[in-house]
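Within every chain, numbering begins at 1; the chains are lettered A, B, ... in the order of the sequence lines, protein sequences first and strands thereafter.
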Amino acid sequence: GAGVSQTPSNKVTEKGKYVELRCDPISGHTALYWYRQSLGQGPEFLIYFQGTGAADDSGLPNDRFFAVRPEGSVSTLKIQRTERGDSAVYLCASSLMGRTNTGELFFGEGSRLTVL
Amino acid sequence: GENVEQHPSTLSVQEGDSAVIKCTYSDSASNYFPWYKQELGKRPQLIIDIRSNVGEKKDQRIAVTLNKTAKHFSLHITETQPEDSAVYFCAASTQAGTALIFGKGTTLSVSS
């Protein structure tokens, strides 16, 4: 596609439920990133994939968060036992090159998660 | 790990004035410093970046300066226009280059 695509654009769920957020990066981009953005804050790094593997997952806040990218393209961010504090916009970005300092990050429009 | 501080949090200028946003970073190994613009409800988009082997970079009305010794970098927008109104984020790469760490953002308002 022309840009990074994220679905759903909005997700409302109840506390304790399981949520999956999907990211379809720009075709040919090997690097994929997940960020979380709370209101009035900058994007907060969660995880970085190079191809199929998670090269840096140091930003995942706890073991309720998990992400996969099984074929090196589409990625899914999975959140178990959601809490109200998980409410945020989850941004996905992709890059042609493998490191942030070698290529521009192209962001998607984000998935807005609201946990009631 | 890397920590990025950004100031001011809000900035209001008159059309035609200049705007300056400043950031500091903590990791001396960081070597890439991009600036992103985010309009309300939209995705962040890269507007300019600078690498550690360069002290200044310009692109039309936008310039970025980097002081590696002091570990700070700044965004300069000249002849501001209402369409420059947005939230601006600075960022710095981690030492491994596997992530960008963002500042908290500056909301720029340009009034005509």
Check whether any side-chain heavy atom of B/Tyr36 lies under 4.5 Å from a side-chain heavy atom of A/Leu105, and answer yes or no.
-> yes
Nearest heavy-atom pair of A/Gln37 and B/Phe89: which atoms, and what distance?
-> NE2-CZ, 3.3 Å
Centroid-centroid under 6.0 Å between B/Phe102 and A/Phe45 rings | no
hydrophobic_cluster_shared for B/Tyr25 and B/Val54, side chain cutoff 4.5 Å | yes
Got a sec: does the CZ of A/Phe66 have more than 12 other heavy atoms crowding it under 6.0 Å?
-> no
Do the non-hydrogen side-chain atoms of B/Leu100 and A/Tyr35 ever get within less than 4.5 Å of each other?
-> yes
A/Val89, A/Phe65: one ILVMFWY side-chain cluster at the under-4.5 Å cut-off?
-> no
Answer yes or no: does atom CD of B/Glu79 have more than 12 heavy-atom neighbours from other residues, nucleotides or ligands under 6.0 Å?
-> no
Between B/Ile47 and B/Val64, is there a shared hydrophobic cluster once you connect ILVMFWY residues whose side-chain heavy atoms come closer than 4.5 Å?
-> yes
Find the one option among B/Lys42, B/Gln6, B/Gln38 whose heavy-atom pairs under 4.5 Å with chain A are most numerous.
-> B/Gln38
Joint hydrophobic cluster, B/Tyr88 plus B/Val20, side-chain heavy atoms closer than 4.5 Å = no
With a 4.5 angstrom heavy-atom cut-off, which part of B/Pro44 approaches chain A: side chain, backbone, both or neither?
-> both
So, for A/Val4 and B/Arg43, which heavy atoms are closest and what is the spacing to 0.1 Å?
-> O-NH1, 3.9 Å
